[in-house]
Amino acid sequence: MLHTARMISPAVELGSAPLFRTEITLDTGHGAVTRATLTISSLGVHEARIGGRPVGEDVLSPGWTSYEHRLRYLSHDVTELIAGKPLSVLTVLVGNGWYRGRLGFMGGSALYGDRLGVIAACEITFTDGHRQVVVTDGTWTAGNSDVLADDLYDGQTIDARRRSGKWFVPDGEPEWFLPVRVLDFDNGVLTPYIGEWVSRQESVPPRKVWESPTGRMLIDFGQNLVGWLRFTVRGPAGSEIRIRHAEVLEDGELGVRPLRDAQATDRFILSGGDDLFEPTMTFHGFRYAEVSGWPADVPLDVEAVVVHSRLERTGDFACSDELLNRLHRNVVWSTRGNFLDLPTDCPQRNERLGWTGDIAVFAPSAAYLYDVRGFLGDWLTDLAAEQRAADGLVPFVIPDVLKYQPAPPDFPDPDSTAFWSDAAVWVPWTLWQAYGDRSILAKQYASMTAHVRRVRTLLSPSGVWDGSFQFGDWLDPDAPADAPAKAKADPGVVATAAYYRSLTLVAETAALLGHDADAAEFTELAARVRIAFSSEYVDADGTVRSDCTTVYTLAIVFGLLDDTSFAGRRLAELVADSGYRVSTGFAGTPYITDALTVTGHLDAAYRLLLERECPSWLYPVTMGATTIWERWDSMLPDGTINPGEMTSFNHYALGAVADWMHRTIGGIAPLEPGYSRVSIAPRPGGGLTWARAGLRTRHGRIEVSWRTGPDGDLAVDVTLPDGVTGVLSLDGRPEVEISAGTHSF
Ligand code: RAM
């Protein structure tokens, strides 16, 4: 419907977020309106209203895609807003968002363009079949709104004195509205959403309000979340309420240093009447807010609004250990905080980018917790588009905005990197395993193969991937705070192991899709890389180069060794030597519990998971964390914030252990993609006395629960939905075939 619409922009730069406006006069003589649909997109984030009422529940639309290639639109049923009214007013407020606001840690803004715009078509059908279409064109107008400033990183300023009753009512143009101009814009980039749009999800009341040591009013919402504050207030006209946000406190005040130069500050200027404030053109990652300028005699009455993509929750997990349950809830909250339109590394500082490595390892956990088929499918479409424009290279972040910014002196040149670029293969593979829909593989096939073919050109003559920059085992706790890539694990070992994994998955994909020649090519290449790995990196006694936990983990889990007994033993030894504290970074952490489990060291896996001293998964929980942290010690044991430049308190990557919890403690794993056949193999341990896990699959809900009796007996209940068969495997027992229904063992 948008093909006849034009992208319009204010003809002159306004001093606030532009409010676009048109009046829709219904055609007469065709009977009543039977249906009206508004299809809309924008350069910048928009909010459309008819007669002042929002056309949908979405916020921050159209989100962030690789705008050079894809700009998404939404369609809203607006029949109720239009029918029966001879004249309606359609307004669209457009903020800077990802298009024109600040983006990236290098300080740029307006990376995609400096003109905000809107494109829309309203299609109205009448009882006699007549169709009326109203589109954006040069007849629209634009005026100043009440949004004086808006930026995703810095926050929003709203002046309620600027609000006008004239905006939304059909009695002629407000006299201060100005002409628009039609932009030169390629409608060919317009595309529907593949995934879900962003909306308000929940509101959280303050847990505690108090005065800080320096006399500031602070609010604790009890949960590190992503969104904004909302409130209605009446106070002196022209006075300003200012809200600052932070994830943590330091010395009793907001700890804003981790935000780097993101201001995360909203300002509200009061009109003197009852004002509703909600800064919907920004978002903040915060648990604490500092409020200044609240009217003296008015009780504080605010709520935090949680905002993210509208994903359906599918998986749950609980067990007898409350700290583990909190860890799991933290994973869920970090997913929520970072699944705001696209999978980001963090939601609070001047970054919030679609870092590929983070989601490459976290996707299996996410795909259990939520139905992320559309959400990640959408992002993968951008990944493939960026890659096509970059000769097969999967950039560090998707959408790739780093390409628009001058790299800092110490920043690596863009090239394929293990784990990060492997997202091109691992994420689609995860979706295939979780949902059993092979179309995702077909759709991503060109991207998957382009990635592994490109990396082939980067291999050394010996056949390993050791010649180019790697993030490697990023944020190994033993790496210097200011050099997170300087891990114990040899970067070539990490990269070659990851490449081998990608090759085996792409070979399997090729076979599945019937690309036999490709399957043969990648199988053969995988075999060569595996041999090269052994001859370059594995000593005669089995020692893997750099002899640390991550290299054994990856060699075991990615299948690089014929015999894993030495590697398993050595891994368990190293884990014990480190006192069961975590010794791995982004690469090793997601897989170490699996590596221990499959080599017969389940106890060590549990001890590692249950350790509370720093660095460990539970250390942050003991420090009161309500989300997963970027660093094991984002907050140091003395309560101060890690002095490093990168100190997020909401980063899902290290939460990837949730996948192991679901499969190994909970006991649910797919035997066939999409869980039509399922492995039920809970492995009790770590002193847990019960656990339960549930997963809604396309067939229905799978449930497993177990408890141990006083004499060490194990009782297991399993429910499989119709259409699902399973294999129950309990330690030391023969496997049992199970069918749909509820079974107790
Ligand atoms: C940081 C990001 C991200 C990581 C990269 C390499 O800036 O936060 O988590 O993937 O570095």
Side-chain angles (χ1 to χ4, degrees), residues 102-108 152-153 224 226 247 257-262 285 331 334-335 337-340 342-363 365-366 379 383 386 393-403 405 407-408 410-424 426-427 468-477 479-487 489 491 494-495 498 550 584-590 620 627-634 641-642 644-656:
R102 291 179 56 197
L103 213 47
F105 46 88
M106 298 176 196
L152 299 179
Y153 295 171
N224 193 21
V226 175
E247 299 183 289
R257 189 172 42 81
L259 306 180
R260 301 199 295 227
D261 74 350
V331 175
S334 281
T335 310
N338 284 294
F339 277 21
L340 196 164
L342 73 159
T344 55
D345 59 332
C346 63
Q348 75 296 78
R349 66 184 180 217
N350 59 351
E351 190 152 356
R352 316 184 195 186
L353 302 177
W355 279 97
T356 45
D358 304 47
I359 193 62
V361 298
F362 187 67
S365 301
W379 181 78
L383 182 146
E386 297 276 8
L393 164 65
V394 179
F396 300 156
V397 297
I398 302 290
D400 182 16
V401 282
L402 300 182
K403 66 177 180 250
Q405 295 169 307
D410 55 342
F411 204 70
D413 284 342
D415 206 338
S416 304
T417 44
F419 277 76
W420 275 254
S421 299
D422 286 311
W426 300 2
V427 177
S468 48
F469 167 78
Q470 297 292 347
F471 291 108
D473 196 21
W474 185 250
L475 281 172
D476 172 334
D482 57 350
K486 293 218 169 80
V494 172
T550 288
T584 46
F586 269 38
T589 303
T627 37
I628 301 296
W629 297 350
E630 175 173 27
R631 296 172 182 271
W632 297 108
D633 56 351
S634 281
I641 299 171
N642 188 305
E645 260 285 280
M646 298 182 327
T647 307
S648 154
F649 290 86
N650 202 352
H651 238 74
Y652 50 58
L654 298 177

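One-based numbering, in listed order, for ligands and for the atoms of each. Position 1 is the first residue of the sequence; numbering continues from there.
In terms of protein heavy atoms, atom 11 (O) of ligand 1 is closest to Trp474 CZ2, 3.3 Å. Remark: minimum distance from atom 7 (O) of ligand 1 to any protein heavy atom is reached at Glu351 OE2, 2.7 Å. Distance from atom 9 (O) of ligand 1 to its nearest protein heavy atom, with residue and atom name: Asp358 OD2, 2.6 Å.
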Set out, in order, the CA-CA distance, both residues' side-chain angles and the distance that settles salt bridge (Lys or Arg N to Asp or Glu O under 4.0 Å) for Glu630 and Arg349, then state yes or no. CA-CA 12 Å; Glu630 175 173 27; Arg349 66 184 180 217; 2.8 Å; yes
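Close contacts between ligand 1 and Glu630 involve ligand atoms 8 (O) [criterion: under 4.0 Å to a heavy atom]. Residue contact check: Phe586 has heavy atoms under 4.0 Å from atoms 9 (O) of ligand 1.
Ring pair Phe339/Phe362 is perpendicular by interplanar angle, where above 60° counts as perpendicular and below 30° as parallel. Relative ring orientation between Trp629 and Phe649 is described as perpendicular, the plane-to-plane angle rising above 60° on a 0-90° scale split at 30° and 60°. In this structure, Trp355 and Phe105 have parallel ring planes: the angle between them is below the 30° cut-off, well short of the 60° mark.
For atom 8 (O) of ligand 1, the nearest non-hydrogen atom from the set Val397, Thr356, Asp345, Ile359 comes from Asp345.
Residue contacts with ligand 1 for Arg349 involve side-chain atoms from C-beta outward but no N, CA, C or O (heavy atoms, distance under 4.0 Å). With a 4.0 Å cut-off on non-hydrogen atoms, Phe105 does not touch ligand 1 at all.
A heavy-atom separation below 4.0 Å is not found between Arg352 and ligand 1. Using a 4.0 Å cutoff on heavy atoms, Trp420 counts as a contact of ligand 1. Look at Phe396 and you'll find every heavy atom at least 4.0 Å from all atoms of ligand 1.
In this structure, Trp632 CH2 and Asp476 CG are separated by 10.5 Å, a value rounded to the nearest 0.5 Å.
A donor-acceptor pair is defined here as one N or O able to donate and one able to accept, closer than 3.5 Å; such a pair exists between the side chain of Arg352 and the backbone of Leu152.
For the residue pair Ser634/Asn642, the side-chain donor-acceptor check at 3.5 Å is not satisfied.
In this structure, the ring of Trp474 has its center no less than 6.0 angstrom from the ring center of Phe419.
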